[in-house]
There are 2 protein chains.
Amino acid sequence: MSSDSATSPSPKSALFAQFAEIAKALGHAHRLTILELLAQRERSVEDLATAARLSFANASQHLRLMRQAGLLLSRRDGKQILYRLSDPAVLDLVAALHRVGERNVAEVREIVGGYFRGRDALEAVSHAELARRMRDGLVTVLDVRPEDEFDDGHLPQAINMPLRKLETKLRDLPKDREIVAYCRGAYCVFSFEAVALLRQHGFNARRLEDGFPEWKAAGLPFV
Amino acid sequence: MSSDSATSPSPKSALFAQFAEIAKALGHAHRLTILELLAQRERSVEDLATAARLSFANASQHLRLMRQAGLLLSRRDGKQILYRLSDPAVLDLVAALHRVGERNVAEVREIVGGYFRGRDALEAVSHAELARRMRDGLVTVLDVRPEDEFDDGHLPQAINMPLRKLETKLRDLPKDREIVAYCRGAYCVFSFEAVALLRQHGFNARRLEDGFPEWKAAGLPFV
DNA sequence: ATAACATTCAATCATTTTATTGAACATCTT
DNA sequence: AAGATGTTCAATAAAATGATTGAATGTTAT
């Protein structure tokens with residue numbers, strides 16, 4: 001029996017309470033959505049609210065909470081308040097969360113295996129592999145995020161075709177080179193949909209395993 | 001404006017809801033305490049409840065919640081139910097949580113800088129460094145966790161002296177070799193207290209940066 | 001100054017969590 | 001079979017969280 005186990009008094013409990021606040025701040029689907037959006041780039045409250053389909057005040061509330069927990073920082077730019085991730089470590093934290101889910105939660109495995117993997121018979125490309133193939137000039141890189149996110153930063157030489165416009169622009173893509181489509185992150189549906197559509201039309205397409213934030217975080221070059 | 005940002009329907013929201021459940025399961029100081037205990041080894045409900053100073057039913061409730069979230073697994077052994085971490089990825093997740101806190105939460109920096117760092121003027125030893133110094137036979141390794149945790153697994157050649165017994169056993173330790181004390185993890189107070197005590201008595205003592213679970217997770221040998 | 005705008009704050013209500021209690025269940029011992 | 005033990009379950013009360021509303025704040029444009 002480790003009777004003296006919890007004998008340690010305040011400092012550790014205080015720490016753990018703080019860590020718990022951080023975890024709580026991650027503990028809501030809307031907040032995870034907001035984090036994914038902010039992983040792409042700094043955004044205003046209004047912007048985030050509409051993108052995440054939340055009311056203004058509600059988005060503001062979630063943002064404040066995450067800022068207090070240390071996940072976000074904000075700055076004022078004119079009338080707007082712009083939020084951003086406080087630290088790349090936040091991306092790691094979210095990634096760790098994803099990994100635990102994928103490995104240990106049946107529901108997650110089902111969704112990932114069923115919906116995501118089902119649409120994507122071929123293996124996805126890791127960012128390291130994509131970087132190599134880009135150096136060798138072997139691939140066309142397709143960014144299927146919304147235009148504004150593309151404008152704010154994207155992979156070198158990537159072509160931006162938001163999913164909705166993709167079908168009308170297919171003629172601009174090469175049939176003889178492999179196309180790698182990427183998006184916001186591992187669970188962003190855009191790139192899955194894009195690859196499915198491209199394959200239907202006879203293109204040789206694959207998906208980047210993760211997304212733009214991870215590419216950036218890995219220290220790979222971007223524009 | 002990325003008006004089509006949240007157009008993606010169910011699968012992603014369902015995923016994020018699942019991930020949020022995992023984060024929620026981390027979002028309570030008591031649960032983080034339980035996780036730290038379980039990082040050492042498998043434990044029964046009763047054991048955990050007393051170690052974490054919780055009522056039986058309350059501990060059971062927290063455990064069930066974490067199991068449902070995928071953080072823990074349980075098995076029956078006779079009358080007892082033994083819980084354990086479901087996956088080393090859970091350790092990574094907790095570590096990522098700590099890192100975000102240390103880097104971005106003022107309160108955490110204060111506690112760590114004030115209490116923990118204050119007691120430990122010298123730099124802590126990383127597990128990689130300790131492994132090297134152990135190979136070279138340069139250090140005495142001191143495990144200051146409770147006896148039962150030591151019995152269930154510890155660093156090779158480590159001597160177990162739970163904090164309460166340390167003062168009475170000082171004569172058994174060498175004054176001419178460096179002593180490295182370790183404990184449950186980075187925020188386990190035992191090793192800080194131990195090093196402080198040892199230094200007071202003229203020993204050359206340092207702390208292992210993290211703890212036994214991290215040593216194990218790094219693939220280093222243990223008994 | 002005044003108006004318009006972006007965001008936060010405060011108050012509210014519905015919902016979810018937490019801790020406690022005591023009963024119920026499964027397993028072992030006798 | 002009966003009792004003891006370890007754990008879970010169900011019910012409850014107190015506390016925290018989430019979403020909505022409308023007012024308040026700080027900024028820019030007129």
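A note on names: the letters A, B, ... follow the listed sequences, proteins ahead of strands, and every chain is numbered from 1.
Counting non-hydrogen atoms of other residues, nucleotides and ligands closer than 6.0 Å to CD of B:E147 gives a total of 12 or fewer.
When distances are taken from the side chain of A:E46 to each of C:dA6, D:dT7, C:dG22, the shortest belongs to C:dA6. Among the nucleotides D:dT20, C:dT8, C:dA6, the one closest to the side chain of A:Y83 is C:dT8. Closest contact between the side chain of B:H28 and the listed nucleotides D:dA19, C:dT18, D:dT8 involves C:dT18. Ranking D:dA11, D:dT7, C:dT8 by closeness to the B:Q61 side chain, first place goes to D:dA11. With D:dT20, C:dT7, C:dT18 as the choices, the nucleotide that has an atom nearest any side-chain atom of A:Q80 turns out to be C:dT7. Here the side chain of B:H62 is nearest to one of C:dT7, D:dC9, C:dA19, namely C:dA19. For B:K79, the side-chain atoms get nearest to D:dT5 when compared with the rest of D:dT5, D:dT8, D:dT27.
Under the 6.0 Å distance and 45° angle rule, B:R207 counts as a cation-pi partner of B:F192.
Where B:R64 and B:R76 each meet DNA chain D at their nearest nucleotide, the meeting point lying more 5' is that of B:R76. Nearest-nucleotide positions on DNA chain C place A:F56 closer to the 5' end than the other of A:F56 and B:G78.
B:L65 comes within 4.0 angstrom of sugar-phosphate atoms only, judged by non-hydrogen atoms across all strands, and of no base.
The backbone N or O of B:R103 lies less than 3.5 Å from a partner atom in the side chain of B:R109, making a donor-acceptor pair. The backbone N or O of B:P221 lies less than 3.5 Å from a partner atom in the side chain of B:W215, making a donor-acceptor pair.
Note on A:S55: every side-chain N or O is 4.0 Å or more away from OP1 and OP2 of D:dA19.
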